[in-house]
Amino acid sequence: MFSVEFDHDEVCITVMDDTGVHGDLKVYAFDDLVYIGQDDPETDTQMLLEINPMMWEELIAAIHSPEGVFMRSVK
């Protein structure tokens, strides 16, 4: 299950683990930064990664790509 929320300049995507084993995965997307976080219920903290929007777009493209090395062109 997942949710998508829009708030001014932020898009927040939350992906929940239906098995209850893993903490929620959250993506906080802004114009200039994308944060990917995951809740850790054992320590009551959130692990956080910071990437730029191009890296986010390449991650999405990679999910839908076959094995190999790719370079995307910016238009």
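Because the structure is predicted, anything quoted here is derived from the model rather than measured.
- Separating the CG atom in Leu25 from the CZ atom in Phe2 is a distance of 12.5 Å, to the nearest 0.5 Å.
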Could you list the donor-acceptor pairs under 3.5 angstrom formed by side chains in residues 32-40, with sequence neighbours left out?
from, atom 1, to, atom 2, distance (Å)
Tyr35, OH, Glu50, OE1, 3.4
Gln38, NE2, Gly23, O, 3.2
Asp39, OD1, Gln46, NE2, 3.3
Asp40, OD1, Glu42, N, 3.1
Asp40, OD2, Thr43, OG1, 3.3

Just list the side-chain donor-acceptor pairs under 3.5 Å for residues 54-69, sequence neighbours left out, or say none.
from, atom 1, to, atom 2, distance (Å)
Ser65, OG, Ala61, O, 2.7

What side-chain donor-acceptor pairs closer than 3.5 Å can you find for residues 14-21, not counting sequence neighbours?
from, atom 1, to, atom 2, distance (Å)
Asp17, OD1, Thr19, N, 3.1
Asp17, OD1, Thr19, OG1, 2.7
Asp17, OD2, Thr19, OG1, 2.8
Asp17, OD2, Val21, N, 2.9
Asp17, OD2, His22, N, 2.6
Asp18, OD1, Met1, N, 3.2
Asp18, OD2, Met1, N, 3.4
Thr19, OG1, Val21, N, 3.3

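- For residues 2-11, the set of pairs meeting the side-chain hydrogen bond (donor to acceptor under 3.5 Å, both in side chains) definition, not counting sequence neighbours, is empty.
- Through ILVMFWY side-chain contacts below 4.5 Å, Phe70 is grouped with nothing and stands alone.
- Neither Val11 nor Phe30 shares a network with the other; the hydrophobic side chains, linked directly or stepwise wherever heavy atoms of I, L, V, M, F, W or Y lie under 4.5 Å apart, form separate groups for each.
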